[in-house]
Asks: 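Have a look at this one before I ask anything.
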Amino acid sequence: MSGAAHEHGPNCDCESCGDPRSMDFLDKYLTVWIFGAMGIGISLGYVAPSVTGPIQDLHLVEIGLVLMMYPPLAKVNYGQLPAVFKNVKVLGLSLVQNWLIGPTLMFGLAVIFFSGLVPGLPARPEFFLGLVFIGMARCIAMVLVWNELAEGSNEYAAGIVAFNSVFQIVTYGVYIWFFALFLPPILGMESLVAGISAFNITPIQVFEAIAIFLGIPFAAGILSRFVGTRAKGVEWYEETFEPTISPLTLIALLFTVIVMFAMQGERIVAQPSDVLLIAVPLTIYFVVMFFVSFGMGRGIGADYSTTTAIGFTAASNNFELAIAVAVAVFGVGSGVAFATVIGPLIEVPVLLALVKVALYLQDRYDWRGYTTGRLDETTTTEDGSSSSTADD
């Protein structure tokens, strides 16, 4: 954001204000591109279902995810991460949101919609388990894109994601056991897990997914910043290199959306009612988690960029892990795997809408005086927004 003191608004020509007239063509019509990519993917998967073979064999989804996460991670000022990890208030809040509120909310929604306890909603054990698999897998991937689009702190997003990744390796299997096997019988819902005694989810499975979807782009981002700033200087890196690689995030996002929707295009068309049924609790989850977490961030006095990072890291999930584990345990054609695959298909449009909400809240509220979590490189402009001022 610009540090110059002036009146921001619809008549402002400042690029940092996010005025639509100053945005590049790709950013300005991002919503159109996203829905267009979704339509192309569904059509491709329905007309040519055999396309799923090459997508899987060539690992196109994995490649797309890695590419779209590289620019945000290359923009992280890694010298600020020690300050991120020292902020007990922010990390403690994130811990509560990600590992207490999030899993509990998703379990509650899974019970409401798929346990058979609510009249008119029959028991769907496979969808119940699918939502549990999603809810226990905390964010590590696409959240970096949503956070960047909403002008959140790359440093806090990267720090929280790294924290979640380490925590997830140890706890994912335990959380699945607790919410999917231990709690249902206690609550009188034995039928939801009838015949299942264990899931055999190992830390190695979780570690492999994290190593691929986070480790590779993280390493590439760190290497880029280290080599670039030392070979050409911080000014060149931030003013030339970062703008050059920025479009890769949105291009890779659109590519990933196409191949993900193509993978399930035939099934989405054949079973639209199931897609909608799974979409409802997921949409509720994303929206509730974002607003609760955003409100909690503002409640502790965090500045906008930190609050936004807190909100999006809590609202997003590690669908890649949930899908990988569901397929490994139940098979690619199972209802459990289908439910986990629907996850990112719903996340894309809903989180994109929440990006717009976050940017609206940035302008709607006065952020002056909200300094919790602010890093050394940020200052507050006259309108209360954050501005980068420090080098590596």
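Any value given below was found using the heavy atoms of this structure, including those in side chains, with hydrogens, waters and symmetry copies removed.
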Asks: Would you mind listing the cluster partners of I258? Hydrophobic ones only (ILVMFWY), side-chain contacts under 4.5 Å, chaining allowed.
Replies: I40

Asks: CH2/W177 to CG/L183 distance, rounded to the nearest 0.5 angstrom?
Replies: 8.5 Å

Asks: Parallel, tilted or perpendicular: which fits the ring planes of F218 and Y78, with parallel below 30° and perpendicular above 60°?
Replies: tilted

Asks: What donor-acceptor contacts under 3.5 angstrom involve side-chain atoms of residues 60-76, with partners at least two apart or in another chain?
Replies:
residue, atom, partner, partner atom, Å
Y70, OH, S224, OG, 2.5
K75, NZ, E148, OE2, 2.6
K75, NZ, S246, OG, 2.6

Asks: State which residues pass side-chain contact (heavy atoms from CB on, under 4.5 Å) with I42; sequence neighbours excluded, sorted by chain then number.
Replies: F261, I268, V269

Asks: What are the two closest heavy atoms between W367 and A302, and how far apart are they?
Replies: CZ3-O, 3.6 Å

Asks: Under a 4.0 Å N-O cut-off, is there an ion pair linking E238 with R225?
Replies: yes

Asks: Counting only heavy atoms not in F226, do more than 12 sit closer than 6.0 Å to its CZ atom?
Replies: no

Asks: Are the side chain of S293 and the backbone N or O of A314 linked by a donor-acceptor pair below 3.5 Å?
Replies: no

Asks: Which pairs, with at least one residue in residues 99-114 and sequence neighbours excluded, count as a side chain to side chain donor-acceptor pair (under 3.5 Å)?
Replies: W99-N164

Asks: Hydrogens and angles aside, do N147 and Y156 bring a side-chain donor and acceptor to less than 3.5 Å of each other?
Replies: no

Asks: Show which side-chain atoms of residues 278-292 pair as donor or acceptor with protein atoms under 3.5 Å away, not counting sequence neighbours.
Replies:
residue, atom, partner, partner atom, Å
T283, OG1, A279, O, 2.8
Y285, OH, R138, NH1, 2.9
Y285, OH, R138, NH2, 3.0

Asks: Taking ring pair (Phe, Tyr, Trp, His ring centres under 6.0 Å) as the definition, give me every residue that meets it alongside F241, ordered by chain and number, with sequence neighbours left out.
Replies: W236, Y237

Asks: Taking everything shown except I204 itself, do over 12 heavy atoms lie less than 6.0 Å from its CD1?
Replies: no

Asks: Not counting sequence neighbours, which residues clear side-chain contact (heavy atoms from CB on, under 4.5 Å) with V118? List them please.
Replies: I112, L121

Asks: So, do T308 and Y304 sit near enough that their side-chain heavy atoms are less than 4.5 Å apart?
Replies: yes

Asks: Can you list everything that forms a side-chain hydrogen bond (donor to acceptor under 3.5 Å, both in side chains) with S94? Sequence neighbours excluded, please.
Replies: N98

Asks: What closest approach, in Å, do V90 and N87 show between heavy atoms, and which atom pair accounts for it?
Replies: N-OD1, 3.0 Å

Asks: Find the distance between CG (D303) and OG1 (T307) and round it off to the nearest 0.5 Å.
Replies: 6.0 Å

Asks: Measure the CG-CG distance between L131 and L105 for me, rounded to the nearest 0.5 Å.
Replies: 10.0 Å

Asks: Sequence neighbours left out, what passes side-chain contact (heavy atoms from CB on, under 4.5 Å) with A322? Give chain and number order.
Replies: F133, I134, A137, Y172, T340

Asks: Looking at E155 and N77, would you say the former's side chain and the latter's main chain have a donor-acceptor pair under 3.5 Å?
Replies: yes

Asks: Between F114 and L129, is any pair of side-chain heavy atoms under 4.5 Å apart?
Replies: no

Asks: Given a cutoff of under 4.5 Å between side-chain heavy atoms of I, L, V, M, F, W and Y, with clusters grown through shared members, what are the other residues clustered with V166?
Replies: none

Asks: Which residues end up grouped with V170 if you chain together Ile, Leu, Val, Met, Phe, Trp and Tyr wherever their side-chain heavy atoms are less than 4.5 Å apart?
Replies: none

Asks: Taking the cut-offs as 6.0 angstrom to the six-membered ring centre and 45 degrees off its axis, would you call R124 and F113 a cation-pi pair?
Replies: no

Asks: Who passes ring pair (Phe, Tyr, Trp, His ring centres under 6.0 Å) against F35, sequence neighbours left out?
Replies: none

